[in-house]
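Handing you this structure, nothing more for now.
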Amino acid sequence: MRHSIQSLAITILLGSSCAFGATPVTLYKSPDCGCCSKYVQYLEQNGFTVNAINENDMDAIKKRYGVSHVASCHTTLVNGYVVEGHVPVGAIQKMLRDKPNIVGISAPGMPQNSPGMGDMKKGTLTIYAVPKDGKEPQVFSVE
Ligand SMILES: [Cu+2]
């Protein structure tokens, strides 16, 4: 009896840690990219577990994941989506919640008002959705 209650408690614990635990992501970056490392810290401070992989040929990574036309410095993979560049976690969470049928989202270039780059000013950073069919990126959200 006691044993079954213990195993039930363990099951509940494991279940809840899966539901509310950190979201795992894989992030590719150049070994010497300072703003990329700052973005890794930002993700970790906001509920993500980051597997950061140093990669010398980032162009090949962007080609592989279909984000060359909206390229930034680092490329992040989360739940089958690509998150390109310094995208705020609010936009990532919106994508994971809404589950749109897209490649992913991007903050092209390295905007100064983005996490890991500089101070964010609410309502000034445009995040783009990257469609699957090679169509033009569209506005996903303004953060
Ligand atoms: Cu950067």
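All ligand and atom numbering here is 1-based and tracks the order in the structure.
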Around atom CG of Asp119, are there more than 12 heavy atoms from other residues, nucleotides or ligands closer than 6.0 Å?
no

Kindly work out whether a path of hydrophobic side-chain contacts (I/L/V/M/F/W/Y, heavy atoms less than 4.5 Å apart) joins Tyr28 to Val82.
yes

Quick one: does any side-chain atom of Lys62 pair with a main-chain N or O of Cys73 as donor and acceptor, under 3.5 Å?
yes

Any residue meeting side chain to side chain contact (heavy atoms under 4.5 Å, CB included) with Ser72, in chain and number order, not counting sequence neighbours:
Glu84, His86, Met110

Sequence neighbours left out, cut at 3.5 Å: what donor-acceptor pairs do the side chains of residues 130-142 make with other protein atoms?
residue	atom	partner	partner atom	Å
Lys132	NZ	Asn101	OD1	2.8
Asp133	OD1	Lys135	N	3.2
Asp133	OD2	Lys135	NZ	3.4
Ser141	OG	Glu143	OE2	2.7

Listing protein N, O or S under 2.8 Å around the Cu ion (ligand 1) gives Cys35 SG, Cys73 SG, His86 NE2, Met110 SD

Can you list the residues that meet the side chain to side chain contact (heavy atoms under 4.5 Å, CB included) rule with Ser37, with sequence neighbours excluded?
Lys29

